[in-house]
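The next block holds one structure in the form of structure tokens; read it before the comments.
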Amino acid sequence: MKNCIIVTGGAGFIGSNFVLSWVKGQHGQCVNLDKLTYAGNLANLAAIEKNSEYVFIQGDIGDRAVVDALLKKYHPYAIVNFAAESHVDRSIHAPGEFIQTNIVGTFNLLEAARAYWNDLNDADKSNFRFLHVSTDEVYGSLSATDPAFKETNPYEPNSPYSASKAASDHLVRAYHHTYGMPTLTTNCSNNYGPYHFPEKLIPLVIHHALNGKPLPIYGNGSNVRDWLYVADHCSAIRRVLEAGKVGETYNIGGWNEKTNLEVVHTLCDILDKEKPKQSGSYRDQITYVTDRPGHDQRYAIDASKIERELGWKPAETFETGIHKTVKWYLTHQNWVDNVTSGEYKNWVNKNYNERGEELA
Ligand code: NAD
Ligand code: DAU
């Protein structure tokens, strides 16, 4: 087998951070299969586009012929599956694509991987890994006093997005249990950092703050998320790929639980220092809008298994990571301008007009 991995969804937020760090860190050849949906952006990967260790292929994980051809040509020792529809609010408006990519697409990838893996020699067979990148949302919602999610928590997904991710996790589990395929699954909490598409809370709030628009808080802002800087998620995935026990799942999180209101206040306070308004604070732009249907109250990851068994810990605290993130957005306004033209405006109109806000 070649020193090569195939990454799917490598032009999205986490995938592009992963591919950049993989190629810059000289971990070997990286083939990126991405459909380039609205969330995929080749500008994220401009720094490595001419690197001889990097190959980009535009294609769908649901297209068996494309996946088979890539496996045959590049002979990878691993597949890392990031490709997904990832936004909860979009899954509420239009769940069909989530079923297609997250479930049927992952099934197709597993089938192609199974055929490829079956034909490998014994040594290559045992070295091969199928790493599936998933989310903490599959575990459902916690109350304020519940312990954080462990790998042993039952699955209780509440949105079409999390249900589709849960289905894909179950397929991955079954391919290990039934066929013995060397799979690994990671369930991570909310990421933030560079190249985060501004449909999600943190980049949306930074973008709207700088443009004088309302900062929309769903419900009363008391929902809790557990934030992890994206580079830490990437280092955790590398560690699981390198040392994870096949068939296992690993929870990844930052031990950084915050209410949405705390997050938005922190962003406003950093912006008040880094790019003060002529008068007043960015906090003045906060506005409460109609809640997300079925809004999960709290996510929290117990990341002690990956620390104990694989020695992985996050490098960033929320304070260091969020400062880096705001600075990145302030210095990459061209990137933001490019991704917020066109289709983005339609989405913002659709999602927020029905919540009673004109944000586009
Ligand atoms: P994203 O929406 O930013 O990127 C998804 C990428 O997948 C895009 O480049 C898109 O073009 C590509 N893609 C979509 N459908 C495809 C298909 N059918 N074939 C090939 N490529 C396709 O997503 P993200 O936030 O970077 O999330 C990446 C993965 O990590 C997802 O599986 C998501 O469920 C998981 N995850 C995300 C978070 C988070 O906080 N963002 C946390 C935990 C887990
Ligand atoms: O927990 C991991 C998950 O985190 C990933 O699996 C998903 O792919 C990722 O999108 C993220 O899901 P969330 O729904 O938690 O992220 P989002 O940024 O959409 O919302 C974060 C919180 O902020 C959530 O409680 C909803 C709230 N919110 C979001 C938006 C977009 C607002 O209050 N206002 C907003 O405008």
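Order of appearance sets the numbers: ligands from 1, and atoms from 1 within every ligand.
- Scanning all protein heavy atoms for the shortest distance to atom 33 (O) of ligand 2 gives Tyr218 N, 2.8 Å.
- In the candidate list Gln100, His87, Lys35, Lys35 is nearest to atom 21 (N) of ligand 1, counting heavy atoms.
- Shown in contact with Tyr352 at under 4.0 Å from a heavy atom are these atoms of ligand 2, numbered in order with element: 30 (C), 31 (C), 35 (C), 36 (O).
- The pair Glu97-Arg90 does not meet the salt-bridge criterion, since no charged nitrogen lies less than 4.0 angstrom from a carboxylate oxygen.
- When ring centroids are compared, Phe82 and Phe18 come within the 6.0 Å threshold.
- Residues Leu131 and Thr186 approach most closely at CD2-OG1, 4.0 Å, considering heavy atoms.
- Between Glu137 and Lys165 no salt bridge is recorded (no basic side-chain N to carboxylate O distance below 4.0 Å).
- Of all atoms in ligand 2, listed by their number and element, those nearer than 4.0 Å to a heavy atom of Lys200 are 10 (O), 18 (O).
- For atom 23 (O) of ligand 1, the nearest protein heavy atom (residue, atom name, distance) is Ser86 OG, 3.3 Å.
- Below 4.0 Å from some heavy atom of Ser134 lie the following atoms of ligand 1, by number and element: 43 (C), 44 (C).
- With hydrogens left out, the protein atom closest to atom 32 (O) of ligand 1 is Lys165 NZ, 2.6 Å, a heavy atom.
- In this comparison of Val133, Val348, Asn260, Thr287, the heavy atom closest to atom 27 (C) of ligand 2 sits on Asn260.
- Here the shortest heavy-atom distance to atom 15 (N) of ligand 1, taken over Asn32, Thr101, Ile14, Ile61, belongs to Thr101.
- Only backbone heavy atoms of Leu36 (N, CA, C or O) come within less than 4.0 Å of ligand 1; its side chain stays farther off.
- Here the closest heavy-atom approach between residue Ala166 and residue Tyr155 is recorded as CB-CD2, 3.6 Å.
- Of the protein's non-hydrogen atoms, the one nearest atom 8 (O) of ligand 2 is Ser86 O, 2.7 Å.
- Residue-level proximity to ligand 1 for Tyr299 is absent, since no heavy atom of it falls below 4.0 angstrom.
- Of the listed residues (Gly40, Cys188, Gly12), the one carrying the non-hydrogen atom nearest atom 4 (O) of ligand 1 is Gly12.
- Contacts of His196 with ligand 1, taken as heavy-atom pairs under 4.0 Å, are absent altogether.
- The closest non-hydrogen atom to atom 12 (C) of ligand 1, taken over Leu33, Asp34, Val7, comes from Asp34.
- In this structure, Glu199 and Tyr344 approach most closely via the heavy-atom pair N-CE1, 4.0 Å.
- Among all non-hydrogen protein atoms, the one lying nearest atom 3 (O) of ligand 1 is Phe13 N, 3.0 Å.
- In this structure, atom 11 (C) of ligand 2 lies nearest to the protein heavy atom Asn190 ND2, 3.4 Å.
- Proximity to Thr135 (heavy-atom distance under 4.0 Å) selects the following atoms of ligand 2: 1 (O), 2 (C), 3 (C), 5 (C), 6 (O).
- Numbered from 1 in the order shown, with element, the atoms of ligand 1 that lie under 4.0 Å from a heavy atom of Gly59 read 19 (N), 20 (C).
- Taking each heavy atom of Ala11 and Leu42 in turn, the nearest pair found is CB-CD2, 4.4 Å.
- In summary, the atoms of ligand 2 found under 4.0 Å from a heavy atom of His87, numbered by their order in the structure, are 19 (O).
- Atom 5 (C) of ligand 1 has its closest protein heavy atom at Ala84 O, 3.4 Å.
- The protein non-hydrogen atom at the shortest distance from atom 42 (C) of ligand 1 is Ser189 O, 3.3 Å.
- Among all protein heavy atoms, the one lying closest to atom 33 (C) of ligand 1 is Tyr161 OH, 3.5 Å.
- Ring to ring, Trp22 and Tyr54 are not that close: their centroids are 6.0 angstrom or more apart.
- Residue contact check: Pro216 has heavy atoms under 4.0 Å from atoms 32 (C), 33 (O), 34 (N), 35 (C), 36 (O) of ligand 2.
- Between Phe98 and Ser164, the shortest heavy-atom contact is O-CB, 3.7 Å.
- Close approach to Ala83 involves these atoms of ligand 1, each under 4.0 Å from a residue heavy atom: 7 (O), 20 (C), 21 (N), 22 (C).
- The heavy atom nearest to atom 20 (O) of ligand 2, out of those in Glu137, Lys258, Arg292, is found in Arg292.
- If you number the atoms of ligand 2 from 1 as listed, the ones under 4.0 Å from a heavy atom of Ile217 come out as 33 (O).
- Ligand-side atoms of ligand 2 in range of Tyr161: 5 (C), 6 (O), 7 (C), 8 (O), range being under 4.0 angstrom from any heavy atom.
- The residue Ser16 has no part lying near ligand 1, judged by heavy-atom distances below 4.0 Å.
- For atom 18 (N) of ligand 1, the candidate residues are Asp60, Thr37, Val80; the nearest heavy-atom contact is made by Asp60.
- The closest side-chain heavy-atom distance from Ile61 to Lys35 is not below 4.5 Å.
- Ligand 1 places these atoms under 4.0 Å from at least one heavy atom of Phe82: 28 (C), 29 (C), 31 (C), 32 (O).
- Remark: minimum distance from atom 7 (O) of ligand 1 to any protein heavy atom is reached at Gly9 CA, 3.5 Å.
- Residue-to-ligand polar distances keep His233 apart from ligand 1: every N/O pair is separated by 3.5 Å or more.
- Between Glu319 and Lys258 there is a salt bridge, with a side-chain nitrogen of the basic residue lying less than 4.0 Å from a carboxylate oxygen of the acidic one.
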Just do the salt bridge (Lys or Arg N to Asp or Glu O under 4.0 Å) check on Glu248 and Lys305 with the steps written out, would you? CA-CA 11 Å; Glu248 293 282 310; Lys305 174 178 172 183; 2.5 Å; yes
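- The closest approach between His295 and ligand 2 falls below 4.0 Å for a heavy atom of the residue.
- Both the backbone and the side chain of Leu201 come within contact range of ligand 2, each with a heavy atom under 4.0 Å.
- Checking Thr106, Asp169, Thr183 one by one against His132, the side chain to side chain donor-acceptor pair (under 3.5 Å) holds for a single residue, Asp169.
- At least one donor-acceptor pair under 3.5 Å links the side chain of Ser141 to the backbone N or O of Gln297.
- Between Asp269 and Arg283, at least one side-chain nitrogen of the basic residue sits less than 4.0 Å from a carboxylate oxygen of the acidic one, meeting the salt-bridge criterion.
- In the vicinity of Asn190, heavy-atom distances shorter than 4.0 Å reach the ligand 1 atoms 40 (O).
- The two atoms that bring Lys200 and Ser86 nearest to each other are NZ-OG, 2.9 Å, heavy atoms only.
- Close N/O approach between Asn191 and ligand 1 is found [any backbone or side-chain N/O within under 3.5 Å].
- Ligand 2 places these atoms under 4.0 Å from at least one heavy atom of Asp136: 1 (O), 2 (C).
- The option with the heavy atom closest to atom 15 (O) of ligand 2, from among Glu199, Arg225, Lys165, Arg355, is Arg225.
- Comparing heavy-atom distances from atom 35 (C) of ligand 1 across Val66, Val133, Val67, Val104 singles out Val133 as nearest.
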